[in-house]
Amino acid sequence: MDRTEDDMKLVGFFGVFKQSFKTIFSSKKIFAQITLAFILPLAIIFIIQMEISHHFFWRIDNNSLPYDTNGSRKATAVDWLYYALFTFVYFIFLTIFSLLSTAAVVFTIASIYTTREVIFRNIMKVIPKVWKRLCVTFVVIYIAQFIYDVIGGVALAIIGVIFVYSGIVGAVVFIIILILYVYGFLYLSVVCQLASVVTVLENTHGFNALKKGKVLVNGKKKLGMGIAFVLYGILLGLIYVYKWFVQYGDDVYGLVLIWRVLIGILCGVLLMKLFLVFIVTQTVLYLVCKSYHREAIDKLSLSTFLAAYMGEMVVDPGPGEEIQLGRPRPPSEQV
């Protein structure tokens with residue numbers, strides 16, 4: 001993270017990935033510790049959710065796989081209740097480890113950016129001081145994504161019903177609506193990711209962090225959405241490989257257990273690395289957006305703020321003051 005502010009605002013699509021991987025490899029030990037402590041459990045929880053969902057729907061009639069109908073049956077109300085409880089518990093653990101991973105990675109990158117020494121013990125000191133703010137932001141993010149998914153799902157369902165017998169015209173309209181939905185999903189994802197970083201590094205959280213993320217992404221929308229598109233595409237690819245070669249590997253491809261286990265482990269490792277890259281890229285994107293908007297990235301102020309997280313000193317910013325990364329530069333300084 002040795003780039004100047006003027007250099008950061010010019011970083012493009014490949015530059016964000018290059019800077020992200022450079023940051024990870026330059027501090028392999030601390031990122032390895034974060035990955036094993038927080039991101040590995042996150043990947044395990046994600047895979048457990050896929051497995052339990054797979055086995056639950058495996059028992060329901062009208063499964064899309066013909067070989068699944070022999071042992072299938074209709075799910076009872078009790079089955080759905082258990083599944084709902086499991087989903088609720090899943091989201092709780094998903095939120096906890098996503099929160100821990102985000103706080104740890106963002107703090108680490110900020111420390112690297114300010115050339116502060118960062119050790120795992122310091123990260124553990126930070127988490128108790130930021131988790132409440134992050135939790136509020138995550139709840140707001142979940143609500144925003146839920147509302148968007150409901151609106152998008154209803155719109156797609158209505159279009160599907162209206163144009164179900166319209167042949168090519170119906171298919172074209174459905175595809176257009178689907179593309180618009182994906183576009184909106186990627187944009188919302190970028191805003192939410194920036195809001196998570198804002199919560200850790202600025203004096204705001206919840207809905208205000210979401211608003212700040214929306215402001216930051218202006219001017220870098222294509223960059224952020226392009227990065228999100230690639231990472232989500234890789235995630236979908238990993239899910240596809242896991243489902244067809246691990247969960248359905250025996251029935252569809254005739255894979256023996258050992259091969260399915262090895263493929264499953266490989267998917268888990270790649271998923272773990274992908275989650276790390278997700279958080280690192282969103283933090284680097286945040287720095288790029290701050291530089292683009294001429295909001296001075298004051299390393300001394302940021303270092304002071306990080307020190308306050310660890311109890312080294314007390315920072316008491318004035319109302320509306322973003323001492324962590326400075327304030328927008330006055331016109332006289334924008335040369």
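Note that this is a predicted model, so its numbers are computed, not measured. Because only heavy atoms are used, hydrogens play no part in the values below, and waters and symmetry mates are left out as well, while side chains stay in.
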Mind checking the [atom1]-[atom2] spacing from [X] to [Y]? Nearest 0.5 Å is all I need.
X    : Y    : atom1 : atom2 : answer
I96  : S101 : CD1   : OG    : 11.5 Å
F207 : I143 : CZ    : CD1   : 11.0 Å
L201 : T283 : CG    : OG1   : 7.5 Å
L188 : M225 : CG    : CE    : 10.5 Å
K290 : K212 : NZ    : NZ    : 4.0 Å
L99  : L94  : CG    : CG    : 11.0 Å

Does a sphere of radius 6.0 Å around [atom1] in [X] hold more than 12 heavy atoms from other residues, nucleotides or ligands, not counting ones at 6.0 Å or beyond?
X    : atom1 : value
Y83  : OH    : yes
Y90  : OH    : yes
K273 : NZ    : no

Membership question, hydrophobic clusters at under 4.5 Å side-chain separation (ILVMFWY): are [Y] and [X] in the same one?
X    : Y    : value
V182 : L223 : yes
I158 : I147 : no
V139 : F97  : no
I175 : V154 : no
F174 : I179 : no

With heavy-atom distances below 4.5 Å as the criterion, would you say the side chains of [X] and [Y] are in contact?
X    : Y    : value
Y181 : D149 : yes
K222 : F13  : no
I263 : C267 : yes
I112 : S27  : yes
F46  : L238 : no
V190 : L285 : yes
L274 : L270 : no
F275 : V105 : no

Shortest non-hydrogen contact from [X] toward [Y]:
X    : Y    : value
L194 : G213 : CD1-O, 3.7 Å
T23  : Q19  : OG1-O, 2.7 Å
S111 : V118 : CB-CB, 3.9 Å
K214 : V191 : N-CG1, 3.7 Å
S20  : T281 : OG-CG2, 3.3 Å
I30  : I119 : CD1-C, 3.8 Å

- Query: Taking the six-membered ring for Trp, are F17 and F21 parallel (under 30°), tilted (30 to 60°) or perpendicular (over 60°)?
  - Reply: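 If you compare the ring of F17 with that of F21, the planes turn out parallel.
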
- Item | Those residues that, when tested against F31, pass ring pair (Phe, Tyr, Trp, His ring centres under 6.0 Å) (two or more places apart) | none

- Task: With T199 as reference, evaluate N208, T137, T102 under the side chain to side chain donor-acceptor pair (under 3.5 Å) test and give the passing residue.
- Result: T137

- side chain to side chain contact (heavy atoms under 4.5 Å, CB included) filter on V136, not counting sequence neighbours, yields H205

Between [X] and [Y], is the ring centroid distance below 6.0 Å?
X    : Y    : value
Y187 : Y183 : no
Y240 : F245 : no
F278 : Y232 : yes

- Is the backbone N or O of S196 less than 3.5 Å from a side-chain atom of Q282, with the two atoms forming a donor-acceptor pair by type?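 Not at all, since once roles are kept as given, no pair shorter than 3.5 Å links the two residues.
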
- Message: Please check: side-chain N/O of Y286 versus main-chain N/O of V198, any donor-acceptor pairing under 3.5 Å?
- Response: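 Flag not set: sc Y286 to bb V198 has no pair under 3.5 Å.
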
- Task: Report the C-alpha separation of T95 and Y142 in whole Å, then their side-chain angles, then the decisive distance to 0.1 Å, and conclude whether the side chain to side chain contact (heavy atoms under 4.5 Å, CB included) test is met.
- Result: CA-CA 10 Å; T95 301; Y142 286 154; 2.9 Å; yes

- Task: Give the C-alpha distance, both sets of side-chain angles, the deciding distance and a yes or no for side chain to side chain contact (heavy atoms under 4.5 Å, CB included) between C192 and F138.
- Result: CA-CA 9 Å; C192 292; F138 274 37; over 6 Å; no

